[in-house]
Amino acid sequence: MAADVGKFFESVGNFFSGGDQIPWCDRDVIAGCEREVSDAQKGSSDEFFKECIMRLSWALVHSRQPEDVQRGIAMLEASVAEANANASPLQLREKLYLLAVGYYRSGDHSRSRELVEQCLMIAPDWRQALTLKKMNEDKIKRDGAIGIGIAATAVGLIAGGIAAAVARKK
């Protein structure tokens, strides 16, 4: 019985919070990636350093902490600007996808959807990007439906207030 009640509240929470299938990342993983980047700066190859930065970016955009997500977005924005000049399409696709995840996590679903579209131009059948695209579209629809409901309620309250004021004057 308690499990059924828990599932019910989880499904209601997922409706309003937009429960998703994107994994979360803990602070210890982020700290480990930060140590790895710090160690890689001390004499490792440029390629290994870039790999460490990508792992840290992945961890940051998958964090539950908004400030971590924003850090990850900033790192990836800089990386994408650099990647446009000299990266392979696969590397650019990965960076764009992680950036889309970051924007999704931060609530900017329109920007996330734009980035996913860019990923899909590089790899049209990429399942992760297709899933994120659907999650963005669902979230945008759900937010729109909630917004319409709030607006309709406000109009109803205003109309009710006007009707009550008119009825009181008679």
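Start at 1 with the first residue, then count along the sequence.
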Could I get the full list of side chain to side chain donor-acceptor pair (under 3.5 Å) partners for Tyr97, not counting sequence neighbours? none
What pairs of residues pass the side-chain hydrogen bond (donor to acceptor under 3.5 Å, both in side chains) test when at least one of them lies in residues 37-49, not counting sequence neighbours? none
Apart from Val29 itself, its cluster of hydrophobic side chains linked below 4.5 Å comprises none
With rounding to the nearest 0.5 angstrom, report the CE to NZ distance, Met135 to Lys139. 10.0 Å
Cluster membership besides Ile53, Ile/Leu/Val/Met/Phe/Trp/Tyr side chains within less than 4.5 angstrom, sorted by chain and number, is Ile30, Val37, Phe49, Leu56, Leu60, Met75
Check: His109 ring centre within less than 6.0 Å of Tyr103 ring centre: no
Of Asp26, Val69, Ile22, the one forming a side-chain contact (heavy atoms from CB on, under 4.5 Å) with His62 is Ile22
When rounded to the nearest 0.5 angstrom, what is the spacing between CD in Glu94 and CG in Leu99? 12.5 Å
List for me each residue that meets side-chain contact (heavy atoms from CB on, under 4.5 Å) alongside Ile158, sequence neighbours excluded, and say none if there are none. Ile162
Hey, does Trp58 have a side-chain heavy atom less than 4.5 Å from the side chain of Cys33? no
Side chains of residues 112-133: which donor-acceptor partners sit under 3.5 Å, not counting sequence neighbours?
| unit_1 | atom_1 | unit_2 | atom_2 | d |
| --- | --- | --- | --- | --- |
| Ser112 | OG | Ala100 | O | 2.7 |
| Ser112 | OG | Asn136 | OD1 | 3.4 |
| Ser112 | OG | Asn136 | ND2 | 2.9 |
| Glu114 | OE1 | Arg111 | NH1 | 3.3 |
| Glu117 | OE2 | Lys133 | NZ | 3.1 |
| Trp126 | NE1 | Gln128 | OE1 | 3.4 |
| Thr131 | OG1 | Arg127 | O | 2.9 |

I need the minimum non-hydrogen distance between Met54 and Leu76, along with the two atoms involved. SD-CD2, 4.4 Å
According to side chain to side chain donor-acceptor pair (under 3.5 Å), who are the partners of Glu34, at least two apart in sequence or on a separate chain? Arg71
What pairs meet the salt bridge (charged side-chain N to carboxylate O under 4.0 Å, His left out) rule with one or both residues in residues 52-62, with sequence neighbours excluded? Glu36-Arg55
For Arg27, side-chain contact (heavy atoms from CB on, under 4.5 Å) partners two or more places apart: Gln65, Glu67, Asp68
With ILVMFWY side chains joined below 4.5 Å, transitively, what does Phe48's cluster contain besides itself? none
With rounding to the nearest 0.5 Å, note down the distance linking CD in Gln70 to OG in Ser63. 11.0 Å
